[in-house]
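Lettering follows sequence order; numbering is per chain, from 1.
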Amino acid sequence: QSALTQPRSVSGSPGQSVTISCTGTSSDVGRYNYVSWYQQHPGDAPKLMVYDVFKRPSGVPDRFSGSKSGNTASLTISGLQAEDEADYYCFSYSGRNTFDFGGGTKVTVL
Amino acid sequence: VQLVESGGGLVQPGGSLKLSCAASGFAVSRNWMHWVRQAPGKGLVWVSRINSDGINTIYADSVKGRFTISRDDAKNTLYLQMNTLSAEDTALYYCVGGVAGHNLENWGQGTLVTVSS
């Protein structure tokens, strides 16, 4: 069982927005701005989409945005597109000289 | 940037294996390097990190005392020595690196480790 809790799945129609939550505790997500998000298509390696809660690496569309409130971080995909269908994982420093991933969320484009 | 893992394979329970990750266009000596694994059909699990200083290392509780992360700057290669392997260690192992210690910026394609008798 992952230390960070994500919904198992979310879905939306093309053009809609979806939000994936990542709930931790005051010792990890709530304490550090070290939350990042990864997209993984089947058979591929993960790809960094958002880091330090809300920053986007070069080349990542601005449809992807991150935020945090208290012990919960969120990834929002606006203007959902077919190629956004993938698994998404949050990742955070846990403050005990370890890191944790969320269990992953499958995004389905209807 | 290219990270290429190797060394995976089939190993019996209790056995050992050493994974390698050869980097190109990317200096392991100037980056923070991680190993992340993914069991078949399962989620990502963080395994270990070596700091950019090449000295400080940290591990997930599930591998502490059994796995050792290291690097060879001259060969620009990251390693993971895995001992006392069990079926629970069966996974695709990814080598990951980046300029910040808490972000997983550049990923390899992974090497598969299967622990079975």
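Of the two parts of A:Pro57, neither the backbone nor the side chain holds a non-hydrogen atom closer than 4.5 Å to a non-hydrogen atom of chain B. Residue contact with chain B, scored on non-hydrogen atoms closer than 4.5 Å, is absent for A:Asp87. With a threshold of 4.5 angstrom between heavy atoms, B:Val36 approaches chain A through side-chain atoms but not through N, CA, C or O. Only the side chain of A:Ser36 comes within contact range of chain B, with at least one heavy atom under 4.5 Å from a heavy atom of that chain. For A:Tyr38, the part lying under 4.5 angstrom from a heavy atom of chain B is the side chain only. Contact annotation for A:Tyr89: only side-chain heavy atoms (C-beta onward) come within less than 4.5 Å of a heavy atom of chain B.
Side-chain atoms of A:Pro14 and A:Val109, non-hydrogen and from C-beta on, do get closer than 4.5 Å to each other.
A salt bridge between A:Asp52 and A:Arg56 is absent, with no side-chain N of the basic residue lying under 4.0 Å from a carboxylate O of the acidic one. Look at B:Asp89 and B:Arg66 and you find a salt bridge, because one of the NZ, NE, NH1 or NH2 atoms lies within 4.0 Å of a carboxylate O, short of that distance.
In terms of heavy-atom pairs under 4.5 angstrom with chain A, the leader among B:Trp107, B:Tyr94, B:Tyr59 is B:Trp107. Heavy-atom pairs under 4.5 Å with chain B were tallied for A:Gly102, A:Ser94, A:Pro46; the largest tally goes to A:Pro46. Of all the listed residues (A:Phe91, A:Tyr32, A:Tyr51), the one sharing the greatest number of non-hydrogen pairs under 4.5 Å with chain B is A:Phe91. Interface summary for chain A: among B:Leu104, B:Leu92, B:Ile58, B:Asn103, the most heavy-atom pairs under 4.5 angstrom belong to B:Leu104.
Taking both residues in full, the closest heavy atoms of A:Thr105 and A:Gln6 are given as OG1-NE2, 2.9 Å, listed atom of the first, atom of the second, then distance. Contact between B:Ala39 and B:Ala91 at its shortest, heavy atoms only, is N-CB, 3.7 Å.
A distance below 6.0 Å separates the ring centres of A:Phe99 and B:His34.
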Passes side-chain contact (heavy atoms from CB on, under 4.5 Å), B:Leu3 versus B:Val96? Steps please.
-> CA-CA 8 Å; B:Leu3 299 171; B:Val96 196; 5.6 Å; no
